[in-house]
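Read the structure below first, then the notes.
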Amino acid sequence: MNELQPSNSTMAEQVQIDRSIGDFSYNVDYTFDAGVGLTEETIDYICDVKKDPDWVRKFRKEGYKKFLEKPMPTNWASKDLENIVFENIRYYLSQGQAPKRTWEEVPEDVKKTFERLGIPEQERKFLAGVEAQFDSEAAYSNIKEAVGKQGVIFVGSAEGLREHPEIFKKWFGKVIPSGDNKFSALNSAVFSGGSFIYVPPGVKVSHPLQAYFRINAQNFGQFERTLIIADEGAEVTYMEGCTAPKFETATLHSAVVELVALKGAKIQYITVQNWSANVFNLVTKRGLAYEDAEVKWIDCNIGSRLTMKYPGVIMKGRRARGEVVSIALAGDGQHQDTGAKMVHAADETTSNIISKSISLGTGRSTYRGLVHIPKHLKKCKNNTECDALLINTNSRTDTYPAITVRGQGHSVQHEASVSQINAEQIFYMQQRGLSEAAAMSLAVNGFVNDLVQQFPMEYSVELKRLIDLEMEGSVG
Amino acid sequence: MKTLSIQNLHASIGEKPILHGLTLTIPQGEVHAIMGKNGSGKSTLAKVMAGHPDYTVTAGDVFLNGESILGMEPDVRARLGLFLAFQYPMEIPGVTIANFIRAALQARLPEDQELEATEYYAQLYAKMDALSIPRQFTARFLNEGFSGGEKKRCEILQMAMLKPSYCVLDETDSGLDIDALKIVSSGVNALRGPDVGMLVITHYQRLLNYIVPDKVHIMAEGKIVLSGDKDLALKLEAEGYDWIEAL
Ligand SMILES: Nc1ncnc2c1ncn2[C@@H]1O[C@H](COP(=O)(O)OP(=O)(O)OP(=O)(O)O)[C@@H](O)[C@H]1O
Ligand SMILES: [Mg+2]
């Protein structure tokens, strides 16, 4: 056995880290993991357990080196990042180990939330961490089989790098180099979980592929790594996460998602995340769009203590298109630092950013955008729209739309708006018979309505219910 | 007899007392008018009854059909049948008129019951037609960018849809042109009936030619100083407020 494996007796305490703003915590008793803290040995341990090929071990170690070198992005975001204690974090928990936590230990309000969201019984247990897996094997294998006939590969990233190295290796870490930022470096060092998808030329996948159906095989990881490649003329939609709250014992989540849309391909990546209020969610997402290709991120962030996420598109080929549609909801004490990065790197490329944020109580939303159109390019277009809704006066919102446009003949539009729902407006709505929570839900749903319609049907219905629940929670 | 009854009401905003022992009873089936100088506390009375959080009631009580409502949230009072047409209606961005009224009606139904959409729209359109509100307005955000008169008409539309048992109309006639005044008045009159009590706050006797009140009250410095029939409004119009102060 490995000497990194701490004795069982200390496990339960060690999992209980940095929970100052935690929703709740459990005594989780893992019998097998990489221990706390991160050293080169931890990485070797992960590689050994996962039976990584040598090139992956090398990739991880380089990531680790860059993680140590890179400064915290304090110039960018809140000081709250300083509260992450890297030495206290568990970087790898082995798969399939059932956490010993019973349904009885799950708090009542959590159970109620599941009920209100209409989550099936079996999935509730999984989401609450009572069961390590839930039985969606059938749904997943159906999807896998259906798309497999078209030559589509839809597997976990671990299987992807083992079974399909020729495609995997070509693109892995190419869209987001491990040294892109401190957290992408960390992810590169310790990643596990996430999806690998390859869609062959000309294949249009008719149904969205859902990570949700794959999570039994490979849990939603703390350090997920997803790579999606749509070959020439291919089309695929991927959905990540679900509106159900995922109750986490780990406080740091740092995923990396890379998308590659080759000539004429289309990738749409949809995320709905609803983290518990103790989670730092620091994600790097970027897509590469070749000639006539399109990458679209639809991103919905609810919950977490701090989310930093700026999906990006590099438009590398002529007439490539990039789009980011995002909704962020910052509840009391939360900070959503989200936005988009659009890098125009070819003529006649088009990007579109629509961002809507909602701040509640002491919640805080920040939009951070970057649009880059260099001098030598011709006929590029960008449209940026960011709207903020502030509910009650403590809320704050900031907008940093860095748009650098050089050269001539480009078309750039930028619009920003801030609307307020204050006590007087809520009183007005209450006078008509709506409860305070219902009044706030109505205002929030109205505000995001046009974006929610871009979500697949079942997601948009869930999202509405989720907003209702958030508002109910916020008035206590 | 069912009534909306205000007993010796004292209320303050911050440290400042505004209502000083106001007593007034409005039975269902009657329309009462309140007139009074600017700043006498008319809107304050309306907002205190509706449960505005900024005001503190320091003494007295308000009973709706015999039940004290002062401890209730504003939405609970509303669902009990109290409606306030605001002097200055709020603009609500992102929420359309149609969705708003629908949500307000839905809030009055038991949780497992869904409002019937076709019937709802049929009713909404009928009431809008009666109030000469163009149908495109259903898709507009509530009061956002509305003219003064449009806002007032929209208040009456909500009132007509929600069918309250007690209505307080705070200067609904202000800012209306003469045609709109007639339309709004007939809208209000259509709601009159044995099961509805109304309190109409106004500065102008003219409104009371259209909405003929059963009683007229004069308010000064936070209480009712004189009550009478509709002729009181005429006298006030002719002679102003000075003679009351001399009383
Ligand atoms: N937030 C506040 N702080 C201090 N004083 C206030 C506040 N709100 C209202 N008042 C005061 O309370 C008094 C009564 O105001 P109210 O609006 O009830 O008068 P009103 O009779 O409706 O007048 P009008 O005919 O002009 O509508 C006024 O003197 C007003 O300045
Ligand atoms: Mg007034």
Side-chain angles (χ1 to χ4, degrees), chain A residues 112 115-116 118 327 329 354 356-360 385 387-393 395 397 416-453 461 464-465 467-469 471-472 475-476, chain B residues 46-55 72-109 111 115 139-144 151 154-155 157-159 161-164 166-168 170:
Chain A
K112 219 175 106 194
E115 223 164 87
R116 291 287 304 274
I327 297 173
L329 194 155
I354 305 173
K356 295 207 182 200
S357 70
I358 302 131
S359 313
L360 268 173
E385 228 179 286
D387 301 317
L389 178 67
L390 304 182
I391 299 188
N392 95 37
T393 47
S395 300
T397 182
S417 80
V418 178
S419 339
Q420 293 250 13
I421 296 289
N422 58 31
E424 208 66 43
Q425 286 154 305
I426 289 173
F427 172 67
Y428 180 87
M429 292 193 268
Q430 279 190 280
Q431 209 300 306
R432 300 309 186 233
L434 297 169
S435 68
E436 190 180 353
M440 282 160 48
S441 290
L442 198 63
V444 172
N445 276 312
F447 176 69
V448 297
N449 189 42
D450 52 337
L451 295 195
V452 170
Q453 280 170 3
V461 172
K464 280 201 162 100
R465 264 187 289 180
I467 289 171
D468 292 347
L469 279 175
M471 297 306 125
E472 273 172 38
V475 299
Chain B
K47 284 192 258 182
V48 168
M49 284 197 286
H52 194 292
D54 287 355
Y55 298 90
M72 297 174 182
E73 286 292 310
D75 52 301
V76 179
R77 303 178 195 205
R79 293 195 298 271
L80 276 182
L82 181 68
F83 183 92
L84 168 59
F86 286 79
Q87 182 174 2
Y88 304 109
M90 285 290 132
E91 303 194 357
I92 315 288
V95 180
T96 63
I97 292 187
N99 283 343
F100 183 66
I101 298 178
R102 189 174 176 169
L105 283 169
Q106 182 67 52
R108 285 160 169 80
L109 297 177
E111 231 179 278
L115 191 74
R140 285 187 61 175
F141 296 146
L142 191 61
N143 295 325
E144 202 174 65
K151 282 182 183 167
C154 180
E155 293 290 285
L157 173 66
Q158 294 174 53
M159 185 166 97
M161 290 299 290
L162 299 177
K163 301 194 180 68
Y166 296 99
C167 310
V168 180
D170 192 357

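Here is the naming used below: chain letters follow the sequence lines, and residue numbers restart at 1 for every chain. Quick caveat: nothing in here was measured; it's all calculated off a predicted structure.
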Which bit of A:Ser419 is near chain B, if near means a heavy-atom gap under 4.5 Å: side chain, backbone, both or neither?
side chain
Output for pair (A:Ile426 CD1, B:Ile92 CD1), nearest 0.5 Å, gives 8.5 Å
If you tally heavy-atom pairs under 4.5 Å between each of B:His52, B:Glu73, B:Arg79, B:Gln158 and chain A, the highest tally belongs to B:His52
Between B:Gly51 and A:Phe427 the two heavy atoms that sit nearest each other are C-CE1, 3.6 Å
So, for A:Ile421 and B:Pro93, which heavy atoms are closest and what is the spacing to 0.1 Å?
CD1-CD, 4.1 Å
Proximity breakdown for B:Arg108 and chain A, heavy-atom pairs closer than 4.5 Å
side chain
Tell me, side chain or backbone of B:Leu162 under 4.5 Å from chain A's heavy atoms, or both, or neither?
side chain
Inter-residue atom distance B:Tyr88.OH - A:Glu424.CD, 0.5 Å rounding:
12.5 Å
Okay, A:Tyr428 and chain B: the region with an atom under 4.5 Å from a heavy atom over there is both
Do you know the tightest heavy-atom contact between B:Ala103 and A:Leu434?
O-CD2, 3.4 Å
Side chain, backbone, both or neither of B:Phe100 within contact of chain A (heavy atoms, under 4.5 Å):
both
Identify which part of B:Glu91 has an atom lying under 4.5 Å from any heavy atom of chain A, answering side chain, backbone, both or neither.
backbone
Nearest heavy-atom contact between B:Asp75 and A:Ser435 is OD2-CA, 3.3 Å
From B:Asn99 CG over to A:Asn449 CG, what is the distance, rounded to the nearest 0.5 angstrom?
7.5 Å
So which part of B:Pro164 gets closer than 4.5 Å to some heavy atom of chain A, the side chain, the backbone, both or neither?
neither
State the CD1-CZ distance between B:Ile101 and A:Arg432, to the nearest 0.5 angstrom.
9.0 Å
Okay, side chain of A:Gln431, backbone of B:Ala50: is any donor-acceptor separation there less than 3.5 Å?
no
